[in-house]
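Let me give you the structure first, and then I'll get to my questions.
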There are 2 protein chains.
Amino acid sequence: MNKRLSISDDQAVELAELFRLMGDASRLKIVLACLQKPQCVSTIAATTHLSPSLVSHHLRLLRATRMLRGERRGKQVFYVATDAHVQCVITDMVAHITESEAADS
Amino acid sequence: MNKRLSISDDQAVELAELFRLMGDASRLKIVLACLQKPQCVSTIAATTHLSPSLVSHHLRLLRATRMLRGERRGKQVFYVATDAHVQCVITDMVAHITESEAADS
DNA sequence: CTGATATATGAATAGCTATTCATATCTATG
DNA sequence: CATAGATATGAATAGCTATTCATATATCAG
């Protein structure tokens, strides 16, 4: 039951990088859009109200850190979240935000 | 069982801000140091290998978003993590990092 | 091959942010 | 009060980053 909370500096950097990726509203919305099922770039752009170019730039970062995986289907490329931990974390935090909304003093 | 994953733009910004705070290695280490029990600033600075000034600057941000709470005891101020959700999220992600270390292809 | 659609990439930039250094405030003690 | 220790604050800056615009690449239809 005793949880390990002391991590090395390298691990802190690694972990912070994951959080940093979710620490931008545009990128977070992109990840959210791809959490449940694969979405193509233009759909992501439409649902997030971001330009396709910007979405593509962010997708590159999310791809590089393996938070999302892309698969080409014809002209389109579909992206989906890969990491179950990330899915859990985001889901939990979304729940946190949406639940504690009325209780915000 | 159907989890809410679509959030408003404002909520995305709010959520991203929480992640962004943890998205800096220095700040993440500070939060980690205060997760289990209250720590004073100089102790935090010592364990994180950061200057007291830098720690104090980061603490201000963490205080402002209510991730940490500070309490004065004599000359020292002790900080501790307030939000259980944040504790969970960080603990989960730490577990994620430390577990999947060997399996990193 | 041509044109059209979808995605990616590169450069340029404006705004932000982490860090440092200097200085101020707070608190206990003598 | 004066001094010392602990924390906070302010200014300055160097480096980063999100965004935009222009352009390139890829895929399919005809």
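Numbered from 1 within each chain, the chains take letters A, B, ... in sequence-line order.
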### Query
Atom CD of B/Glu71 and atom P of D/dA6: how far apart are they, to the nearest Å?
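In whole Å, D/dA6 P and B/Glu71 CD are 18 Å from each other.
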### Query
Has A/His57 got its ring stacked on the base of C/dT9, with centres under 5.5 Å and planes less than 30° apart?
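One would call A/His57 stacked on the C/dT9 base.
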### Message
At 4.0 Å (heavy atoms only), tell me whether A/Arg73 reaches a base, stays on the sugar-phosphate, or touches nothing.
### Response
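Touches nothing.
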### Query
Expressed in angstrom and rounded to an integer, what is the separation of A/Leu59 atom CG from D/dT17 atom P?
18 Å
### Query
Can you tell me how far C1' of D/dT19 sits from CG of A/Asp24, to the nearest Å?
10 Å
### Task
Return no unless some side-chain N or O of B/Arg60 is found under 4.0 Å from OP1 or OP2 of D/dT7.
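It does not, given that no N or O in the side chain of B/Arg60 lies less than 4.0 Å from OP1 or OP2 of D/dT7.
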### Task
Let me know the distance between CD1 of A/Ile44 and C1' of C/dA6, rounded to the nearest Å.
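Rounded to whole Å, this separation is 12 Å.
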### Query
Between C/dA6 atom C1' and A/Gln76 atom CD, what is the distance in whole Å?
7 Å
### Task
Tell me which of B/Val55 and A/Ser26 sits closer to the 5' end of DNA chain D, going by the nucleotide each one is nearest to.
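Result of the comparison: B/Val55.
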### A/Arg20 side chain reached by B/Phe19 side chain, heavy atoms, under 4.5 Å
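Answer no - side chains too far apart.
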#### Entry: Selection from C/dA8, D/dA8, C/dC26 that lies nearest to any side-chain heavy atom of B/Arg72
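Between C/dA8, D/dA8, C/dC26, the one nearest the side chain of B/Arg72 would be C/dC26.
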### Message
Mind checking if A/Tyr79 touches a base, just sugar-phosphate, or nothing, with heavy atoms under 4.0 Å?
### Response
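Since only primed, P, OP1 and OP2 atoms lie under 4.0 Å of A/Tyr79, the category is sugar-phosphate.
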### Task
Evaluate the side-chain proximity of B/Leu68 to B/Val80: yes if any heavy-atom separation is below 4.5 Å, no if none is.
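Sidechains of B/Leu68 and B/Val80: no contact.
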### Query
Nearest of D/dC28, D/dT19, C/dA8 to any side-chain atom of A/Leu54?
D/dT19
#### Entry: B/Lys75 NZ - C/dT27 P separation (whole Å)
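My rounded result for the distance is 12 Å.
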### Check: A/Ser51 side chain, D/dT19 base, donor-acceptor under 3.5 Å
no
### Task
Look at the side chain of B/Ser56 and decide which nucleotide, out of D/dA6, C/dA8, D/dT9, has an atom nearest to it.
D/dT9
### Message
Tell me whether the side-chain N/O atoms of B/Ser42 come closer than 4.0 Å to OP1 or OP2 in D/dG5.
### Response
no
### Task
Would you kindly give the NE2-to-P distance between A/His49 and D/dT19, to the nearest whole Å?
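Nearest whole value for this atom pair: 15 Å.
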#### Entry: Integer-rounded Å distance: D/dA18 C1' and A/Leu50 CG
11 Å
### Message
On the nucleotide D/dA18, are OP1 or OP2 found under 4.0 Å from the side-chain N or O atoms that A/Arg27 carries?
### Response
yes
### Query
Are B/Ile7 and A/Leu35 connected in the hydrophobic side-chain network, where two residues link if heavy atoms are under 4.5 Å apart?
yes
### Query
Is any side-chain heavy atom of A/Glu17 less than 4.5 Å from a side-chain heavy atom of A/Thr65?
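Yes - at least one pair of side-chain heavy atoms lies under 4.5 Å apart.
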### Message
Let's test your reading of the model: under 3.5 Å, does the base of D/dT9 pair with the side chain of B/Ser53 as donor and acceptor?
### Response
yes
### Message
Quick check: closest heavy atoms across A/His58 and A/Ser26, and the distance to 0.1 Å?
### Response
NE2-CB, 3.9 Å
